[in-house]
Participant: 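Structure below; questions to follow.
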Amino acid sequence: MTAEEYYQLGNECRRQGKFGEAMSHYMEAIELDPDSPAVTARQMLEDIMNYYCKDMYNP
């Protein structure tokens with residue numbers, strides 16, 4: 001898969017509320033392309049998870 005595909009998959013998971021899966025897909029996209037928009041998406045998702053989902057992010 002390409003970085004763009006991982007990024008789009010991460011977006012879909014995020015929309016479904018599957019934050020952990022979304023984070024994994026964003027990280028895969030970043031590994032393939034460090035300049036991917038997944039960098040910004042990952043940071044925004046981290047902010048959301050730190051605010052709303054502490055148990056999901058830090059089990």
Participant: Return the set of residues passing side chain to side chain contact (heavy atoms under 4.5 Å, CB included) with M1 (not counting sequence neighbours), or none when no residue passes.
Facilitator: E5, Y6, L9
Participant: Verify the distance criterion only: is there a donor paired with an acceptor across the side chains of Y26 and N11 at less than 3.5 Å?
Facilitator: yes
Participant: For a quick test of reading the model, state the closest non-hydrogen atom pair linking L45 to A22 and the distance between them.
Facilitator: CD2-CB, 3.7 Å
Participant: Apply the test side chain to side chain contact (heavy atoms under 4.5 Å, CB included) to residues H25 and R14: give CA-CA distance (whole Å), side-chain angles for both, the deciding distance (0.1 Å), then the verdict.
Facilitator: CA-CA 10 Å; H25 294 307; R14 182 185 44 79; over 6 Å; no
Participant: Rounded to the nearest 0.5 Å, how far does CD of E21 lie from SG of C13?
Facilitator: 4.5 Å
Participant: Closer than 3.5 angstrom, by distance alone: can the side chain of S36 be matched with the main-chain N or O of L32 as a donor-acceptor pair?
Facilitator: no
Participant: For A3 versus D33, what's the shortest heavy-atom pair and its separation?
Facilitator: CB-CB, 3.6 Å
Participant: Who pairs with E4 by side chain to side chain donor-acceptor pair (under 3.5 Å), at least two apart in sequence or on another chain?
Facilitator: Q8
